[in-house]
Amino acid sequence: MRRGRFAPTPSGDMHLGNAKIALLSWLQMRAAAGVFVLRIEDIDIQRSKPEITERIIADLRWLGLDWDEGPGAANLHAPYWQSQRTALYEEALARLKQDGRLYPCFCSRAELLAVAGAPHGLSSEGAPYSGKCRHLSEAERMKKAKTKSPSLRFSLGQEATLFVDGIAGPQHFPPGSGGDFVVRRADGLFSYQLAVTLDDAAMEITDVLRGDDLLDSTPRQLHLYAALGLTPPAFAHAPLLLGEDGRRLAKRHGDFGISSLRRAGTRPETVIGWLAYISGLIDHPEDVKAQELVGHFLLDQISHKPFILTEAMIRRLLPDTTR
Ligand code: GLU
């Protein structure tokens, strides 16, 4: 049985870009008669807000995207909140440590990284880590540990990473690309890379469909799967929606939240139809229910082009009375 998931981070409201990913990953599972899981990625508990989780859940329901496992549904792989799954992460770190795959890192840059949030392209992290702390002697580590708590880094092997992405096609990442990465921050916070890998494996996810800002995180996750002897899912990365400045959609691009459209009186069918149209699943933007698209879904059909969202397009999604 195929299993897919939608894994939002509740630090910001769901926007049209997230809704596109939710729709495509939902369609992929519904078309395959698989299981769809909703997992709340609130590992960075400081930045996550329960009221945002509530709104994401309400938005998904409004869009007609249901889930078989997760909050309010079957709980065969509970808990579905990452903040409640830290024992699993702790245990995996102990194994990786025992196998010599981790080392303490005392570089201050480590603290600056938003490692718990999903990175939006590895380039957003700055230059790859130099590996400076990898070769510290035990004595040097002990000395440094007296004045500073280290973060933990995963040390990459010598292998290149090759995989075929279901949307983006064949991928090749040279050995060491991205550099050794943080799996636990100095303050104890587990990284996105670690948590997402362990959760997808524990929840028996066979198909990950997500935004292509995470394409270059996939080699890191594949290294973790290999190091832990876990079977990786098939990956498919769909193009993100961009703002008019060509940058990843974010708050600076104005109010395009799903909850705002919902409150403004937009019909969910209008949003679904428009998302299906820009994804390449239908020829014209027309009102359609998510359920009606299930028979039309093919991964090959998903448009590879990034899509620029304009203010005018958002206005067209609003009901006539508010335009
Ligand atoms: N939680 C991540 C996000 O909201 C997605 C993680 C994933 O799909 O791997 O950006």
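When a ligand or atom number is given, it counts from 1 through the structure's own listing order. Residues take their numbers from the sequence shown, with the count starting at 1.
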query = Between Asp180 and Arg101, is there a salt bridge with N-O shorter than 4.0 Å?
reply = no
query = Counting only heavy atoms, which portion of Val196 has something under 4.0 Å from ligand 1: side chain, backbone, both, or neither?
reply = side chain
message = For a 4.5 angstrom cut-off between non-hydrogen side-chain atoms, does Phe181 reach Leu224?
response = yes
query = Looking at side-chain heavy atoms only, is the closest gap between Trp62 and Ile258 below 4.5 Å?
reply = yes
message = Treating Ser303 as the side-chain partner and Lys305 as the backbone partner, does any N or O pair qualify as donor plus acceptor under 3.5 Å?
response = yes
message = Heavy atoms only, cut-off 4.0 Å: how does Leu214 contact ligand 1, side chain, backbone, both, or neither?
response = side chain
query = Which atoms of ligand 1 sit under 4.0 Å from any heavy atom of Glu41?
reply = 1 (N), 2 (C), 5 (C), 6 (C)
ask   = Quick check: does Pro8 get an N/O under 3.5 Å from an N/O on ligand 1?
value = no
key: His237, portion touching ligand 1 at heavy-atom distance under 4.0 Å   = neither
key: Stacked cation flag Arg153 on Tyr129, 6.0 angstrom / 45 deg   = yes
key: ligand 1 atoms in contact with Tyr192 (distance to a heavy atom under 4.0 Å)   = 6 (C), 7 (C), 9 (O)
task = For Phe6 and ligand 1, answer yes if some heavy atom of the residue is under 4.0 Å from a ligand atom, otherwise no.
result = no
query = Should the pair Glu269-Lys289 be classified as a salt bridge under the 4.0 Å nitrogen-to-oxygen rule?
reply = yes
ask   = Relative to the heavy atoms of Arg5, which atoms of ligand 1 are at a distance of less than 4.0 Å?
value = 7 (C), 8 (O), 9 (O)
